[in-house]
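Within every chain, numbering begins at 1; the chains are lettered A, B, ... in the order of the sequence lines, protein sequences first and strands thereafter.
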Amino acid sequence: MKHYYLKIFCKPYVSFILFFWGIGTYSAHAQLESSLDERDSVLQVQKLKYSGVRFSGYTRTWFFHRYLQADYELGDVGRLTNPRNISLGDGYDQPILHIQMEASPFPATKLSSEIAFDNRILRGGAFNNTVDDNGRMAAPWYLFNFTSETFTNFGSFKFTAGGGVNWFRLSPFTMGSANDYNTRDDMFERLPWEGQGNDFDRYMAYYQRGDTPREQRQGTSATQGIIVEASGLPGGLNASFLAGKASGSGGFQSYNTKKPMNMVGGKLEKIISSHSLAVNYMNQFGYEKNVITYTPIIQNGDTLYVDDLRMSQMGTTLEAKLQLTERIKLNTEIGAGSYLSSGYNEGIKENHKAGLANVNTYKRTWEELLFAEVNITDFPLRFQAYRVGVNYVNFASTVQNTSIEQSSDTEGQNLANTACYTGLLPTIGQITNNKQGITLFFAKKVGNLKVKAGYANSQELVNLAGDLRNGGPRAQILAKSQDSLTLASYTNTITFQHTLNNLARSRFGFWERYVGPYNRIHNNFRRSYEIISITDTVVDYKKSFVSFDLELKYKTIVLNRPVIFVNYTQFSSVHDKLTLLPRAYPVTILAREQSLPDTNTFFQLFYNEFTVFYNVQRRITLVGLFGYEAALANMRTELADADGNLITDAHGRIIYSSKGKPMHQVDFGYGIGLDYNFHDRASLHVRQRWYNHKDYNFTKDKFVGNEFTVELKMFF
Amino acid sequence: MRKKVLFVSMLSLVMNVCVQAQNTYFTGHGRSLFTYDDITDEVQTDSKQAASSGYTMYDFGVHAENKGLVRASAIMRIRNEFGGFYADGASMDIRQVQIEGIIANRVKYEVGDMYLSQTPYTIWNFDESFIKYESDIFGIRRNIVNYENYFIDNKWRMQGVNAYTTLEFMKGIKSLYIQGYGSRILPSDLLETPDRFLYGGKLGIVQSSAFKLSGNVVGISDFTGTVPAANVDFENTVYTGDFKYTYDKIAGYSFALLGEAGFSETSLREDVSSIDKTKQDYFYDAGLQIQAHKKVQSIFTFKYRDVGPYFTSPAAQTRRIIENSTEYALEVFPNFSDGTSLRSMTLLDRMSQETGLYNGSISPLLLPYLPQYNSAEPYGKATPNRTGSTVALGFADSARIVSLNAEANMLSEIFAEGDTTTSKLRSFTCVQGGLTYQAGKQFGLPKDVTLKCGGKLEQTQRDGAVPIDLQCITADVGVSVETIKNLHLLVGLKYLQANGNEALVVRNRFNEATSGVTKFTIDSQEQLLGLGFKYAFANTVFLSTQYILGTYTDNTANNKNSFDTRQWFVNFNYSF
């Protein structure tokens, strides 16, 4: 073998080179190679030798063990419903090591990047394209962009380009976040983005301010592309412009197909004294497919071609923040929005022409967008009112879509379309399309007792029963035939959110809709919903939704150490007419198998949560939780037979039966835990949560289990 | 998995060296790039195609340097696809790992990724672009392509070892340059394909400022012992010498004789194609250069070359662009809207497609080419089977307001390839040139106004049994106007017209022309019109937005290969 390796040295030219090498070495009088190349070998630019890169971040090891005594049947393998699950990470791609890197080698410019490392000990998460076979991952994380600022006589301009994710906000109706409303998490559960510091301080902040700690980026929308922010423009104007993609512009995996779906938006703002006026615009538009075929339509003997596959989510609004008096402030946003697709339009635009040279487009259906909020200083009440038209869909906005299922794909509905919540029972403060409503917030401190309450009352603008553009996916699973009568039985629905054990539920199956023992479960990011159908054959009403919640927080001293008690109660119900107060029948849990007696109340949800945070030592906090949730429906909703099966007819239509019994779910959740802040920047968190879920009538819907988690988090 | 392990290992290595190092610093090159494309074609007229794509990426270099003696560098690539949110479509890779150092203040070495070039006949990554005077608006795109494919000047990126030193002498000669390098250009499959190495060196003597002489040698060898039973054994060695003698005793003028000559020896044993042959051939390329250094600088060059049909120098003849339609993959709209008909490659593809179109490795085979882009020198200066003269003229005024270059090549074949009946030779005429005009400077404007234009006329002809007549015209015109400070408006136009026929040579695995040809007929026009701007925040931090309209017209009878493209392009570049 040596022969082959060494034959190069037998070549005459090699000897030649070696000879001169030797001559050179011994006879040279000076050398020129006294320094390393100062030009970058790839960029061919002078090396800056920049050493000012700043690193920060955290490590978060989150061990998870779950034991389910009763398996929750979601209908497919691969979901986390087996009796035992052991993993690092909660399935929502939270890294084990997170490094944030920033560099500003030039004035007024910055590179920002997050790099995430993960090790899932062989268990894949919801997204696993960057994960190797052994569960290890290294990838850029959310923040990944470049910024530059320039200052001119016309104003200051800030440019941001990249993604990752560029978090941005225009206004609630145009670009914000569907999580803008006060989505509530119990403080027992550890959130991945919780910051450094003593944990009892976090609980104290919750006691003082009342909000669950959130990431700074929540309330904004995820975008990619370029953002230009201008301030100090002539006339005292500020402006922003962005173009690229929002996460709803074709979905968060649209790079696979290069789906031509993009967005463009902007804001022009004028500040006058303590008031501000702004015009906002947002449009997500494009196509779900790369090949766009124009549809021929014969009209009056002419062949018209229509740009049939084009979709658009557009909103344009006027926003005003007015200081009406010294104490009264009015925030309002009014405008119009539309969702345009082949299924949602007002026909071909006027002045249409025949032939391929004149491709025609559809006319938009404009919907109203109205919101107003009144804040009164030193007064415990805050008042909101809103109205959003039936066909306004904008995934980048705060408006939750409750009316158009086919908004992500004109070709059909699919299980992965988790962005629609038909007939949603909104939480307090949440804005949805196809609704008008009011919301009241109340806050008052009485000694060490802090009281917060909320009230929301809304009604849908149109009952979408019989709108066959909705309901298809569940019908496809449950019904043998897809005739219009069958489909119609899936279109008058109520969607409600499980408040208790919602994170545990969402992990049973990630980002799915119409799963579970009755194909009613709808899971998305750290939330779990359920959808039920109303079986009315005559629908001459609009559903109305009422909610009331009350949070009581009390701080005291026990054995010379501070303790905080929190009790949170929520009543919500859905009716066939406007109703002032929510129906509340917590007593029905004592009467098993009983349905809601009120024939006008389709559904009620009762939730109570009691948590304790006891700082037994400066660095140690004990936490406890007890929660109870009851979800009950009346006989006008979908029913189960004596064996717990969903009652349908031979076609698969969901129907009424006098022998049937409606949903009657009861959930318990209780847990204990410990926070140990062994360093200012490092802490250990242990949680044990037990949960129990059953439905007295839909008897297949049950699970019993517990979760044990250990979290070790360190910041650097 | 190997990548990840390598990544962690190299990161650890660099971090370890960092700890010991006197100096640790960072470099980086990043960009956010987004495009929106659409295309309409004649195949299916009731439709169009559209695509939205892009990415954000950063090449983050960590460099640890110890007292100027050794520098360890690793460049990590962080990338997120446009349309991939929440770390979906995100990736991390290693772009480059390199150790550089100096031994005893005398010999500089580099290990790992390295960039090599030598002479146009030994190691030379020749630029396939048919126009040297490309407008700025298109240059932004081409710079990205070059960066992504590691094209730096005429260097090939390789992995191996390179060492060199320059020694100065007190008498006799002024200095001696010695270089040696080695690289593995094809890894073994551990079964039948052996490791293939490229190695060589250079010995350069600078006798004085008047006379320089170098000897170059480049070899490629299959190390057949690296597999149990090698089914291929390729050996190639190229020996050349180059010189330049300058006479500058006349004030304001200098005269130079310059050239390069050498020969190659190549053997191939390949069981699959039943080849076991050896061949040798030679080349020479020499001429005269006259320079005038008056108020204006002008340069005139005349050279004559003869490159034998069997002269083989893979590191100088390998094409950087892949033009064989079975080997490249167009990224955007590879098919027409019927989903099956293949679309032709366009000027926009060549200028903007970052992957799948360019070749990063040395090929012993002469790769197929498209004659409309380059017919006279498809394999660079070292194109085998060419003889003829080159005349070049350059001009630049002292203020660099105008600079102009023109070159004419009058070449012909030495051996009639593809015409075994009448053995008629092809003739090639290629005239190309361009100018840069700094109008802002000329008129004393405070802002930069620059015009660039260039073009090429190429004609290939042959009589005989397989007649050939192909004409190609290419042109590029661009204007860059600085409006407010650092904001340049950019306009550019590219044009290509090709008409005629060729009989493309079919070669065997030993690069020998067979009796067969692939008949090629073309009658097409293509144009690109680009409008955009570039705003520079700093020298290497800029934002550019462009809108590019493209038209490809195929006039061949019964052909539906015509189409129109439109592209929005946004690029934020950030380097330090």
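Counting heavy-atom pairs closer than 4.5 Å to chain B, the top-ranked of the candidates A/Gly52, A/Pro260, A/Pro107, A/Ser51 is A/Pro260. Listed options A/Gln224, A/Lys245, A/Glu149 were ranked by heavy-atom pairs under 4.5 angstrom with chain B; first place goes to A/Gln224. Between chain B and the residues A/Ile115, A/Thr223, A/Asn145, A/Leu111, the largest count of heavy-atom pairs under 4.5 Å involves A/Leu111. Ranking A/Ser254, A/Ser247, A/Gly286, A/Ala222 against chain B, the residue ahead of the rest is A/Ser247, based on heavy-atom pairs under 4.5 Å.
Across all their heavy atoms, B/Ser575 and A/Phe106 have their closest contact at O-CE1, 3.1 Å. Shortest non-hydrogen contact noted between B/Met57 and A/Phe146 is O-CZ, 3.6 Å. Shown here for A/Pro140 and B/Ile78, the closest heavy-atom pair between the two residues is CB-CG2, 3.1 Å. Across A/Ser104 and B/Tyr574, no two heavy atoms sit closer than the pair CA-OH, 4.3 Å.
Counting only residues at least two apart or on different chains, the side-chain hydrogen bond (donor to acceptor under 3.5 Å, both in side chains) pairs with a member in residues 41-55 of chain B are A/Asn262-B/Ser52, B/Arg31-B/Tyr55, B/Thr35-B/Ser53, B/Asp41-B/Ser337, B/Ser47-B/Ser337, B/Tyr55-B/Glu354. Residue pairs meeting the salt bridge (Lys or Arg N to Asp or Glu O under 4.0 Å) criterion with at least one partner in residues 97-107 of chain A, sequence neighbours excluded, are A/Arg54-A/Glu102, A/Glu102-A/Lys110.
Between the side chains of A/Ser113 and B/Tyr58, not a single donor N or O lies within less than 3.5 Å of an accepting N or O. For the residue pair B/Asn80 and A/Tyr255, no side-chain donor N or O sits within less than 3.5 Å of a side-chain acceptor on the partner.
Only the side chain of A/Tyr305 comes within less than 4.5 Å of a heavy atom of chain B; its backbone N, CA, C and O stay farther away. Only the side chain of A/Tyr287 has a heavy atom closer than 4.5 Å to any heavy atom of chain B. Residue A/Leu356 touches chain B through its side chain alone, counting heavy-atom pairs closer than 4.5 Å. Neither the backbone nor the side chain of A/Thr303 comes within less than 4.5 Å of any heavy atom in chain B. For chain B, the nearby part of A/Ala246 is the backbone; its heavy atoms alone come within less than 4.5 Å. Neither the backbone nor the side chain of A/Thr257 comes within contact range of chain B; no heavy atoms are under 4.5 Å apart.
Residues satisfying the side-chain contact (heavy atoms from CB on, under 4.5 Å) criterion with B/Asp113, sequence neighbours excluded, are B/Gln96, B/Val97, B/Arg157, B/Gln159.
Atom CG of B/Asn335 sits about 11.5 Å away from atom CG of A/Asn290, to the nearest 0.5 Å. Between atom CD of residue B/Glu81 and atom NZ of residue A/Lys258 there is a gap of 8.5 Å, rounded to the nearest 0.5 Å. Here the CD1 atom belonging to A/Ile226 is positioned 9.5 Å from the CG atom belonging to B/Asn571, to the nearest 0.5 angstrom. Interatomic distance, A/Thr147 OG1 to B/Phe572 CZ, rounded to the nearest 0.5 Å: 7.0 Å.
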Test side chain to side chain contact (heavy atoms under 4.5 Å, CB included) on A/Thr150 and B/Asn486 and set out the steps.
CA-CA 11 Å; A/Thr150 189; B/Asn486 297 328; over 6 Å; no

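Along residues 159-166 of chain A, the residues that come nearer than 4.5 angstrom to chain B, judged on non-hydrogen atoms, are A/Phe159, A/Ala161, A/Gly162, A/Gly163, A/Gly164, A/Val165 in order of number.
Other residues, nucleotides and ligands contribute over 12 non-hydrogen atoms within 6.0 Å of the CZ atom of A/Phe55.
The shortest distance between side-chain heavy atoms of B/Phe576 and A/Thr109 does not fall below 4.5 Å.
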